[in-house]
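Whatever order the structure lists ligands and atoms in, that order sets their numbers, starting from 1.
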Amino acid sequence: MNRRDFVRTTVGATLAASATRSLFAQAPTIMSNSIKPVVISSANGNKFKNGGEMTCVHKAWTMMTQGADVLDALIAGVNTVELDPLDTSVGYGGLPNADGVVQLDSCCMHGPKKRAGSVACIEGVRTPSLVAKAVMEHTDHHLIVGKGAQNFARSMGFKIEDDLNTDESRKIWLEWKRRTDPEHYLDPEQRTAAGNKVMMEMVAEGLIDRQHIYGTINCDGINSKGEICGVTTTSGLAWKIPGRVGDSPILGAGLYVDGQAGAAGSTGRGEANLYGLCSFLIVENMRRGMHPKDAGMDACRRIKGNTVEKRLLNSRGEPNFGVNFYMLNAKGEYAGVSMYAGASFAVCTEAGPQTVPCEPLLQGKPED
Ligand code: GLY
């Protein structure tokens, strides 16, 4: 079965199954003594449906509990968001870089197989998570970037498109471009400062979803056999310097999975997470017995401690950016944590898909 047949078959099977499923009612519970299958993700994993019936976490949980490989199920879930033109943080229609080009990053890890793959700065493929999986399955490497990643995708049979912008993402980019100093290309530092100022103005005016500036989807799951996998996929920082890569495709940063310990992934300011490789830190802490929530909080504290540059601090001397972590351990316990209050995450258990608040480290707003 080729890749397209696989996607078509699994999507069809999942949709057919959903029609016969009863609707879910109860709140999710955390089970400590037995492994109940669970899928967690960033909040956009329970928001966008790409015109279908199920969100990312719902689709992944349904496929996983019907026997699909955990990683296949998670990737099918995030494909929904990658392909959805309404999510401007991921895949097709993700906010482009400073030159107006959509460059995507993704990685995935398979706990039982102890294999991983990633791509960064890939252009022209709507579903970078599937290319990351192809790197994992068909190469001896873990990370392929830029033109090389696109050539690899082409050779694997992926459709390469000239432009992944939608009318909406191009419209927002043109507005950003119009407002930015036309000479901003001269000095990368000034350009970044001018770009950030305009971006915050556009957030305040409601033109950009704040969550989509660094927006990403991370999705992690465990099945009843205790098999754990994870995937992260993103269009990265909006208006980034072309070639910039954040945390999402970097193993240990945007995602880390250990079949014996658990999975962790992130959304938010990738530069902050890259500095501490926090997904690895979280999984190692869970291996030592820390609860997922405590391990996530430890990562937030680590990032706060590492943030000392004035330009990254608000008036309270705290980080002026958001970062979120989603993690589950080998017992199926899970949590979502964030630097600041107000973030949420998605979860799907036998109780159905839900969006629940992240546990915050800090109160107030990052920019105040
Ligand atoms: N966390 C996504 C990025 O920084 O690119």
If I apply the N/O under 3.5 Å rule, does [X] come out as touching ligand 1?
X      : answer
Gly236 : no
Asp247 : yes
Arg244 : yes
Gly246 : no

State whether the number of non-hydrogen atoms from other residues, nucleotides or ligands found under 6.0 Å of [X] atom [atom1] is greater than 12.
X      : atom1 : result
Lys171 : NZ    : no
Arg287 : CZ    : yes
Asp368 : CG    : yes

Exercise. What pairs of residues pass the ring pair (Phe, Tyr, Trp, His ring centres under 6.0 Å) test when at least one of them lies in residues 77-96, not counting sequence neighbours?
Worked result: none

Exercise. So, are Glu201 and Lys197 salt-bridged, with charged N and O less than 4.0 Å apart?
Worked result: yes

Exercise. Any salt bridge between Glu318 and Arg316, counting N to O under 4.0 Å?
Worked result: yes

Exercise. Applying a 4.0 Å heavy-atom criterion (strictly less than), which segment of Asn273 is in contact with ligand 1: side chain, backbone, both, or neither?
Worked result: neither

Which ligand 1 atoms are under 4.0 Å away from a heavy-atom of [X]?
X      : value
Gly268 : 1 (N), 2 (C), 3 (C), 4 (O)
Leu237 : 5 (O)
Ser248 : 1 (N), 2 (C)

For this session: Tell me which one of Leu274, Asn218, Val245, Thr216 gets a heavy atom nearest to atom 2 (C) of ligand 1.
Result: Thr216

Seminar exercise, completed: Per side chain to side chain contact (heavy atoms under 4.5 Å, CB included), Ser129 is matched among Val81, Val119, Val90, Ile75 by Ile75

